[in-house]
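Here's the structure we're looking at; comments come further down.
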There are 2 protein chains.
Amino acid sequence: MYFWEMSFDTEKEKYSMEVLDDTDLALLRLLGNNSKLTIKELAIKVNLTPSPVFERVKRLEEQGYIKKYIAVLDAEKLNFGLIVFCSIRLKHHDKNIGYEFVSDILKIDEVVECYNISGDYDFLLKVHARDMKHYQDFVFNKLGSVTSIGSTQSTFVMSETKHSCNINF
Amino acid sequence: MYFWEMSFDTEKEKYSMEVLDDTDLALLRLLGNNSKLTIKELAIKVNLTPSPVFERVKRLEEQGYIKKYIAVLDAEKLNFGLIVFCSIRLKHHDKNIGYEFVSDILKIDEVVECYNISGDYDFLLKVHARDMKHYQDFVFNKLGSVTSIGSTQSTFVMSETKHSCNINF
DNA sequence: GGTGAAAGATAGTCACA
DNA sequence: TGTGACTATCTTTCACC
């Protein structure tokens with residue numbers, strides 16, 4: 001059972017959960033694939049008039065279901081086609097060194113995503129670089145100066161076969 | 001030297017490379033972070049009037065630098081907060097089994113991204129699930145019926161510390 | 001929650017420089 | 001390539017249901 005299928009004792013409880021109905025979910029799915037759809041077009045697709053659709057979308061933005069609107073850029077065309085997953089082991093495992101690592105990583109442009117993971121390594125980075133030379137420079141000069149790092153392991157992407165930017169719910 | 005810094009012998013050559021100037025790059029950076037910026041607002045930021053900005057953005061869309069416009073959704077709020085990286089080794093390595101695998105993977109909603117990688121495994125999947133139970137179901141029932149898979153290994157994300165949706169160029 | 005109309009802003013076109 | 005004006009369309013508001 002998902003949270004939007006739960007039953008609530010009071011209206012207040014329901015309100016605090018900011019429950020989404022099927023129309024809200026439909027709007028999120030539509031905008032998650034194509035945010036250029038106009039309020040008018042959305043209204044037709046969900047069988048409503050523009051006004052309530054406008055209110056719903058505004059509410060979904062305010063409540064944070066929609067985090068932002070972006071143009072999805074073509075990394076290859078922009079000469080940033082090399083994707084590398086970089087696994088990282090920290091030197092130690094105290095809280096401070098973790099914070100230090102994250103704060104350093106946030107500043108590095110090549111790092112597009114960073115995850116704290118289970119298993120042999122502590123963090124997994126998704127890195128975008130122009131080419132091998134650029135990636136080498138990234139490892140030596142950028143990661144090289146992050147002192148909290150113990151060891152790294154690079155997994156190179158040979159081809160990207162699927163990339164949906166949003167969850168498919 | 002990046003391709004937009006190259007010099008060209010002829011205008012035709014230049015055209016075929018669809019070279020981007022600084023204004024184009026600025027527009028891509030702006031829209032990559034916030035596609036709700038109006039043509040008017042963009043024009044002010046790049047010191048132009050709306051008309052040429054409109055033409056430039058339209059050209060960037062047509063030439064594929066902008067692939068699409070999307071609303072970035074909050075996976076946690078939508079109860080899809082569990083992220084798992086699933087490494088996959090195929091049974092064999094002929095071309096057909098690779099195609100078969102990719103075609104099966106494309107159909108699975110939980111798989112948000114799929115990469116053909118170097119190293120011990122053949123593919124790396126980024127999976128979004130509601131919870132462990134859902135992930136277990138995904139592994140047994142969805143991956144379980146992809147016959148081309150030899151073995152898998154799951155790396156669970158404990159926290160996402162960075163996620164820029166686009167490249168930072 | 002939803003409808004429909006009205007006003008204000010934006011996108012998109014075009015003649016001209 | 002860029003400017004400035006023009007029109008069509010869309011967003012956003014609001015009184016009413």
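Nothing here was measured: the structure is a model prediction, and the numbers come from that model. We name chains A, B, ... by the order of the sequence lines, and we start the count at 1 in each one.
- Regarding A:E62, its CD atom lies at a distance of 12 Å from the P atom of D:dT12, rounded to whole Å.
- DNA chain D is contacted by B:L48, B:T49, B:S51 of residues 32-51 of chain B, taking any non-hydrogen atom closer than 4.0 Å.
- Salt-bridge check for A:D24 with A:R59: passed, with a basic side-chain N closer than 4.0 Å to an acidic carboxylate O.
- A donor-acceptor contact shorter than 3.5 Å links the side chain of A:K162 to the backbone of B:L106.
- Salt bridge present: A:K126 and B:E113 bring a charged side-chain N and a carboxylate O closer than 4.0 Å.
- Under the side-chain hydrogen bond (donor to acceptor under 3.5 Å, both in side chains) criterion, A:Y135 pairs with A:S154, not counting sequence neighbours.
- Nucleotides of DNA chain C lying under 4.0 Å from heavy atoms of chain A occupy a range whose first and last members, 5' to 3', are C:dG1 to C:dA5.
- At least one donor-acceptor pair under 3.5 Å links the side chain of B:N166 to the backbone N or O of B:G32.
- Atoms CZ (B:F54) and P (D:dC6) sit 19 Å apart, rounded to a whole Å.
- Ranked by how close their nearest DNA chain D nucleotide is to the 5' end, B:R59 and A:K58 are led by B:R59.
- Taking a 6.0 Å sphere around NZ of A:K68, one finds it holds more than 12 heavy atoms contributed by other residues, nucleotides or ligands.
- The distance from atom SG of B:C165 to atom CG of B:N33, rounded to the nearest 0.5 Å, is 9.0 Å.
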For this session: Could you walk me through whether B:C86 and B:L124 pass side chain to side chain contact (heavy atoms under 4.5 Å, CB included), step by step?
Result: CA-CA 6 Å; B:C86 186; B:L124 179 66; over 6 Å; no
